[in-house]
Amino acid sequence: MGRPLETSSSESLTVRDNRTGKTYNIPIVDNSVSATAFKAISAPAKPNEREESGTEKGLRVADKGFLNTAVIQSEITYIDGEAGVLRYRGYPIEQLALHSSFLETAYLLIYGSLPTKDQFRVFETEVLHHSIIHADAEEFFRSFRYDAHPMAILTSAFAYLGSYYSEANPSLQGRQWQTLFTKGDKASLANMDKQIFRLIGKATTLAAMAYRIRQGRDFVIPPTGLSYTGSFLYQMDHLGEENYVPNPVLCKALDVLFLLHADHELNASCTTVLQTGSSLVDPYSAIAAGCASLYGPLHGGANEAVIRMLISIGSPANVPAFIEAVKRREKVLSGFGHRVYKTTDPRSYIIRKTADEVFKVTGRDELLETAMALHDAAMKDEYFTKRRLYPNVDFWSGLIYRAMGFPMDFFPVLFAVPRVVGWLAHWRQMMLQEGGVKIWRPRQIYVGAGKRDYVPMAERESSLVNSDPKKTPSTVPHSGMTKRTMLASYRGKSKL
Ligand code: ACO
């Protein structure tokens, strides 16, 4: 905690509050200072100061958008955005992509070390065993409209899934089971791992069902004897042929893409899972929340934007004009730039290589030439190099998904399915941290009205009613109204 200065150690920050002249000494631990230490720094309120400023209650730390706020200690993923480094549990992503598999990497992310042969066999068996969905769920999927977005279906499906497992629901159990392992309850850890196996195992089943319902296809039972991605492709594509086996090159490519997307530390969706999980809700609800966050175009939607951009450019000949339009700020070069990486995203090199493997069996995507011309032009152009805008993971991934024949609105699903692993790794780590889980409850800076007294409706003067459109409900068109209903008259009523 911050205290008025008595002694100062070299591992500390000395802060002088010029309002009071007091000096505080705030310890630096792990190259960080505690935001709550700043709460000890208070000052008398100025004359006429709004009580809502809370000056006497201690200093607040403002960080809109979490630009420099560490909310947890983590042992899972390390990113150095300046150097283009990404490591899962210390292992460089390049080595994992070359030598590991998605499920082995899932084990590594969740449990902290690479599994032995026996450990992996048990984990893989558990995950694949837990891929089957209760037959009732078919009705749930059929209740969506024919044109429902697959992410709307998947997000709802994760929350729906939780309704089957009362042992995972603290409300139904009447106890906060997730954090009990730290108090010596071993059974709670087994309960946690069972939900983890279920969520990873059923993620592909739910996603495949979301895919099939829109194709008007019946559902298939997850097969045995195939890999995680092989089973996923089978569940999407099998139409009843005997001994159907998905193409191994596509299975391998999807496995590499899944491995690359498995985790990326505290991005928006992972933070959402932890924020939601901090209320100790069941893990299915927390994963549904993460899925919703990933659906946003600033997060999981960029690979789709890249394809739309390439289609709009049309051919390599149009690339120079597009680059000029970006420089005039009329367009954005989707798939370039990143909040953390200020050099090429290390995943994009691996994805580029994987794309070549896929194109060998699917044929080259017609947009590839345009993508390469765009990539090369941007990498040579001072506008991009000066701003340190380099390709990110999404620049090439959409081309692979397209070459594999996935519809564009399914791209975020292909991101969400493997990211379930990262979400669960962080969720498990948080639930098992020493000292339990504190609910994530940030503070705000209140800038609204001061205290005012209720005015009865009859006494409100129209001049006092706020005319700011942001502060009044909008007039909305009613979708049920058509030209015909507006032109109709109603028996017994005069026309308005
Ligand atoms: N095309 C053109 N100009 C860009 C781009 C881009 N893709 N990205 C950033 N810039 C420019 C900005 O206009 C700004 O220029 P200025 O300083 O002259 O005003 C400068 O580069 C810095 O950009 P910021 O917006 O400050 O960078 P920020 O870190 O806030 O944004 C982001 C990062 C959102 C990823 C941005 O680069 C972007 O919009 N990229 C395109 C979308 C995309 O590919 N998103 C996927 C990210 S990866 C992922 O989430 C899985």
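In listed order, ligands and their atoms are each counted from 1. Reckoned from all heavy atoms, side chains included, excluding hydrogens, waters and symmetry mates.
- Look at Glu382 and Lys327 and you find no salt bridge, because none of the NZ, NE, NH1 or NH2 atoms lies under 4.0 Å from a carboxylate O.
- Less than 4.0 angstrom separates atom 15 (O) of ligand 1 from at least one non-hydrogen atom of the protein.
- Regarding atom 7 (N) of ligand 1, its nearest protein heavy-atom neighbour is Leu333 O, 2.8 Å.
- Among all protein heavy atoms, the one lying closest to atom 5 (C) of ligand 1 is Leu389 CD1, 3.8 Å.
- Scanning the protein for heavy atoms near atom 47 (C) of ligand 1, the closest one is Asn392 ND2, 3.6 Å.
- Looking at Ala302, Gly335, Ser334, it is Ala302 that brings a heavy atom closest to atom 46 (C) of ligand 1.
- Remark: atom 24 (P) of ligand 1 lies closer than 4.0 Å to no protein heavy atom.
- When distances from atom 34 (C) of ligand 1 to the protein are checked, no heavy atom turns up under 4.0 Å.
- Annotation: atom 21 (O) of ligand 1 to nearest protein heavy atom, Arg387 CD, 3.4 Å.
- Side-chain contact of Asp193 with Tyr111: a donor-acceptor pair under 3.5 Å is present, judged by distance alone.
- In this structure, the side chains of Leu254 and Ile400 stay at 4.5 Å or more apart for every pair of heavy atoms.
- Arg198 and Gln195 are linked by a side-chain donor-acceptor pair at a separation below 3.5 angstrom, with hydrogens and angles left out of the test.
- Proximity to Arg339 (heavy-atom distance under 4.0 Å) selects the following atoms of ligand 1: 28 (P), 29 (O), 30 (O), 33 (C).
- There is a protein heavy atom less than 4.0 angstrom from atom 43 (C) of ligand 1.
- Of all atoms in ligand 1, listed by their number and element, those nearer than 4.0 Å to a heavy atom of Asp394 are 46 (C), 48 (S), 49 (C), 51 (C).
- Other residues, nucleotides and ligands contribute over 12 non-hydrogen atoms within 6.0 Å of the NZ atom of Lys252.
- For the ring pair (Phe, Tyr, Trp, His ring centres under 6.0 Å) with Phe336, the lone residue among Tyr390, Tyr341, Phe395, Trp396 that qualifies is Phe395.
- Using a 4.0 Å heavy-atom cutoff, Lys331 is absent from the residues neighbouring ligand 1.
- Given atom 27 (O) of ligand 1, the protein heavy atom at minimum distance is Lys342 NZ, 5.0 Å.
- Atom 39 (O) of ligand 1 has Val332 CG1, 4.5 Å as its closest protein atom, hydrogens excluded (heavy atom only).
- With 3.5 Å as the limit, one finds a donor-acceptor pair spanning the side chains of Thr36 and Ser34.
- Not a single protein heavy atom sits closer than 4.0 Å to atom 31 (O) of ligand 1.
- Considering both main-chain and side-chain atoms, Arg329 comes within under 3.5 Å of ligand 1 through a nitrogen or oxygen pair.
- Residue contacts with ligand 1, taken as heavy atom pairs separated by less than 4.0 Å, do not involve Tyr341 at all.
- Taking the side chain as every heavy atom from C-beta outward, Thr343 and Glu82 never approach each other to under 4.5 Å.
- Using a 3.5 Å distance cut-off with no hydrogens or angles, the side chains of Asp345 and Ser348 do not pair a donor with an acceptor.
- Using a cut-off of 4.0 Å between Lys/Arg side-chain N and Asp/Glu carboxylate O, Glu357 and Lys353 are scored as not salt-bridged.
- Distance alone, capped at 3.5 Å, places no donor-acceptor pair between the Glu75 side chain and the Gly112 backbone.
- For Phe410 and Tyr401, the ring centers are positioned 6.0 Å apart or more.
- Of the protein's non-hydrogen atoms, the one nearest atom 40 (N) of ligand 1 is Phe336 O, 2.9 Å.
- Heavy-atom proximity to His338, at under 4.0 Å, picks out these atoms of ligand 1: 33 (C), 35 (C), 37 (O), 48 (S).
- Those atoms of ligand 1 that come under 4.0 Å of a heavy atom in Val326, given as number and element, are 2 (C).
- Remark: distances from the non-hydrogen atoms of Phe395 to ligand 1 are all 4.0 Å or more.
- Residue, atom and distance of the protein heavy atom nearest to atom 50 (O) of ligand 1 are His299 O, 3.6 Å.
- Using a 30° and 60° split on the angle between ring planes, Phe144 and Phe141 fall in the tilted class, from 30° to 60°.
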